[in-house]
Structure formats: C-alpha cells, structure tokens
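Given the structure is predicted, the values throughout are model-derived calculations rather than measurements. Start at 1 with the first residue, then count along the sequence.
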Amino acid sequence: MTLKPSFVRLAAVATPLLIAGSLAAQDAGAEQPSIIQEIFAYQNCGTIGYVIVLMSVIAGALIIENLMNIKREKLAPPDLLDEIEALLDGENFQEAVELCEQEKNYLTNCVGAGLSKLGHAFETMQTSLREMQTEETVKLFQKIGWLSLLSATAPMMGLFGTVTGMFFTFSAIAAAGGSVSPAQLASGIKMALITTIFGLTVAIPVGVAFYTLRNRVIRVSTEINAISENLFERFRAKK
C-alpha cells in the first residue's frame with residue numbers, strides 16, 4: 001500500500017497550521033484559556049498528541065478520496081460500458097482492446113485482460129478475466145487498508161500518551177519526595193487524558209469509515225465482476 005503524495009502534502013501543511021494556530025491562540029489568550037486552547041497546548045498533549053492529530057488529517061484525506069473514487073460510476077462508467085458492449089457486439093475486438101488501454105479503470109482492466117486471450121479457449125479467457133478481477137479487488141482493499149491501520153494505531157498512540165503522562169506524574173511525586181500539590185500533578189494527568197481522548201476520537205470514526213468502505217468495495221467489485229463476466233458470455237456461445 002502506498003500513500004498518494006497529495007495526502008502527504010495535505011498532512012504536511014494542515015498539521016503545522018493546526019499546531020501553530022493552537023499555540024498562537026494560547027499565547028494571545030487571556031488569563032482563562034478556552035477548552036480548545038487547553039487541549040491543544042503542547043504542554044498538555046505533547047508530541048504524541050500532535051502525532052495523533054497528523055494521523056487524523058491523513059485519515060480524513062483517505063476517507064474523502066476513497067468515498068469519491070470507490071463508486072461504480074468511477075470504476076465502471078456507464079457510457080464506457082455501453083461503448084465496450086457495442087464494440088464487442090460489432091466484433092470490433094481490436095478497437096475494444098485499444099479503448100481498454102486508453103481508459104484505465106477496474107472494468108477496462110478486466111475486459112482488457114480477457115480480450116488479451118482472444119483466439120484461445122473460452123476457459124483461458126475466463127481465467128485471465130478472473131485473475132484480473134481478483135487483482136483489481138485486492139487493489140481496492142489495499143487502498144482502504146490504510147484506514148484499518150490508522151484505526152488500530154490511534155488508540156495505541158493514545159495509550160502511549162497515557163503511559164507517558166503517568167510517568168511524568170509519578171516523576172513529579174518522586175522529585176517532591178511524596179509531598180506534592182495537585183497542581184504539580186496536573187500536567188502529566190492532562191497529557192494522559194488528552195492523548196487518550198485524541199486516540200479514541202480518531203479510532204472510532206476511522207474504524208466506522210473503514211468498515212463502510214470495505215462493504216462498498218465488496219458490493220461494487222461484485223457488481224463489476226458480474227458485468228464483465230456477462231460481457232464475455234458471447235465468447236462461450238461461439239465455442
């Protein structure tokens with residue numbers, strides 16, 4: 001699985017702006033900072049909190065990109081399907097192959113793979129078609145696989161922040177020789193709580209998005225596979 005450069009650029013731009021904005025708001029704030037300023041203050045969420053924010057930006061970009069592109073209209077455009085079907089009906093197989101090479105998507109890759117075995121037995125064409133169907137389906141699952149990774153990693157990062165915050169808390173207790181005020185413990189406890197909140201805030205919606213997109217991949221790939229199989233039934237009749 002590979003992340004597109006656009007996601008990396010978006011994360012690289014958005015996260016520093018978010019961090020800088022929160023720090024600026026904190027510096028410009030009055031004596032009573034808002035809850036948002038408090039949550040995003042570096043001393044409260046730490047580096048781990050900002051890493052989780054970065055993960056959320058990447059996850060958001062992936063969700064939007066996948067929602068826009070994992071659709072039947074994108075993977076098997078109706079106009080293109082009609083054009084391919086017309087070419088096959090007219091036995092213009094070479095033009096159909098050229099069209100599949102020019103218009104790259106799930107449907108054309110599958111049809112092109114099947115047509116590459118034109119002149120062979122129907123079973124050979126069908127095998128080539130189904131191998132490409134499997135490959136294209138795997139590609140779609142790889143695209144959404146990053147969301148599964150981020151959903152699983154975010155709460156672990158939150159737990160990492162929790163442990164780090166508790167470490168700072170007990171370090172303060174040890175440094176004070178056991179006599180410590182609640183104010184001295186606040187920073188570590190805040191970090192523990194805030195990073196946990198961040199981790200869960202990312203993990204829950206991203207997990208829901210992953211399973212939603214996984215179901216969409218299954219549905220769309222099944223539909224397109226059925227369409228491409230139907231296109232090649234004409235070759236079975238000729239054998």
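For the atom pair CD1 (Ile218) and CD (Glu223), the distance works out to 12.5 Å, reported to the nearest 0.5 Å. Here the CG atom belonging to Leu147 is positioned 11.5 Å from the OH atom belonging to Tyr211, to the nearest 0.5 angstrom. With rounding to the nearest 0.5 Å, the separation of CG in Leu115 from CD in Gln94 is 9.5 Å. Distance check, rounded to the nearest 0.5 Å: CG of Asn69 to CD of Glu65 gives 4.5 Å. Interatomic distance, Leu200 CG to Ile197 CD1, rounded to the nearest 0.5 Å: 8.5 Å. Note: Leu129 CG to Phe235 CZ = 10.5 Å, rounded to the nearest 0.5 Å.
Not one N or O on the side chain of Ser151 forms a donor-acceptor pair closer than 3.5 Å with the backbone of Val206.
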Practice problem: Check the pair Gln133 / Ser221 against side chain to side chain donor-acceptor pair (under 3.5 Å), numbers first and verdict last. | Solution: CA-CA 8 Å; Gln133 289 173 347; Ser221 61; over 6 Å; no
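With hydrogens and angles left out, the side-chain atoms of Asn225 and Thr222 include no donor and acceptor closer than 3.5 Å.
Here the closest non-hydrogen pair linking Met157 and Val51 is CE-CG1, 3.7 Å. In plain terms, the two heavy atoms of Val111 and Cys100 that are nearest each other are CG1-SG, 3.8 Å. In this structure, Met191 and Thr164 approach most closely via the heavy-atom pair SD-CG2, 4.0 Å. Minimum interatomic distance between Ser128 and Lys117 (heavy atoms only, all atoms of both residues): CB-CG, 3.6 Å. Residue Gly161 comes nearest to Ile48 through the heavy atom pair CA-CD1, 3.7 Å, listed as atom of the first residue, atom of the second, then distance.
You'll find the side chain of Cys110 stays beyond 4.5 Å of the side chain of Ile224, heavy atoms only. Annotation: side chain of Leu75 is in contact with side chain of Leu140 (closest heavy-atom distance under 4.5 Å). The closest side-chain heavy-atom distance from Phe232 to Leu88 is not below 4.5 Å. Within the 4.5 Å cutoff, no side-chain heavy atoms of Phe141 are placed close to those of Lys143.
Listed by first and then second residue, the salt bridge (charged side-chain N to carboxylate O under 4.0 Å, His left out) pairs involving residues 92-114 amount to none (not counting sequence neighbours).
The hydrophobic cluster containing Val208 does not contain Phe210, counting ILVMFWY residues as joined when their side-chain heavy atoms lie under 4.5 angstrom apart, directly or transitively. The hydrophobic cluster containing Phe93 also contains Met125, counting ILVMFWY residues as joined when their side-chain heavy atoms lie under 4.5 angstrom apart, directly or transitively. By the criterion of side-chain heavy atoms lying less than 4.5 angstrom apart, applied directly or through intervening Ile, Leu, Val, Met, Phe, Trp or Tyr residues, Ile204 is not grouped with Met156; the two fall into different hydrophobic clusters. Linking Ile, Leu, Val, Met, Phe, Trp and Tyr residues whenever their side-chain heavy atoms come within less than 4.5 Å places Leu118 and Leu99 in a single cluster. No continuous path of hydrophobic side-chain contacts links Leu213 to Ile64 [ILVMFWY only; heavy atoms under 4.5 Å].
Glu123 pairs by the salt bridge (charged side-chain N to carboxylate O under 4.0 Å, His left out) definition with nothing, not counting sequence neighbours. The salt bridge (charged side-chain N to carboxylate O under 4.0 Å, His left out) search around Arg216 returns none, not counting sequence neighbours. For Thr196, the side chain to side chain donor-acceptor pair (under 3.5 Å) test picks out Thr162, with sequence neighbours left out. Partners of Lys139 according to the salt bridge (charged side-chain N to carboxylate O under 4.0 Å, His left out) rule, which considers only residues two or more places apart in sequence or in another chain, are Glu135, Glu136. Residues satisfying the side chain to side chain contact (heavy atoms under 4.5 Å, CB included) test with Pro205, not counting sequence neighbours, are none. Thr137 is linked by a side chain to side chain donor-acceptor pair (under 3.5 Å) to Tyr106, counting only residues two or more places apart in sequence or in another chain. Among residues two or more places apart in sequence or in another chain, the side chain to side chain contact (heavy atoms under 4.5 Å, CB included) test is passed with Leu81 by Leu107, Ile227, Leu231. Applying the side chain to side chain contact (heavy atoms under 4.5 Å, CB included) rule to Val138 yields the partners Thr134, Gln142; only residues at least two apart in sequence or on another chain are considered. Considering only residues two or more places apart in sequence or on other chains, Asp79 meets the side chain to side chain contact (heavy atoms under 4.5 Å, CB included) condition with none of them. Taking the side chain to side chain donor-acceptor pair (under 3.5 Å) definition, one finds that Arg130 meets it with Glu229, sequence neighbours left out.
Aromatic pair Tyr50/Phe198: centroids not less than 6.0 angstrom apart.
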Return a table of donor-acceptor pairs under 3.5 angstrom between the side chains of residues 53-63 and protein atoms on other chains or two or more places apart.
unit_1	atom_1	unit_2	atom_2	d
Ser56	OG	Val53	O	2.5

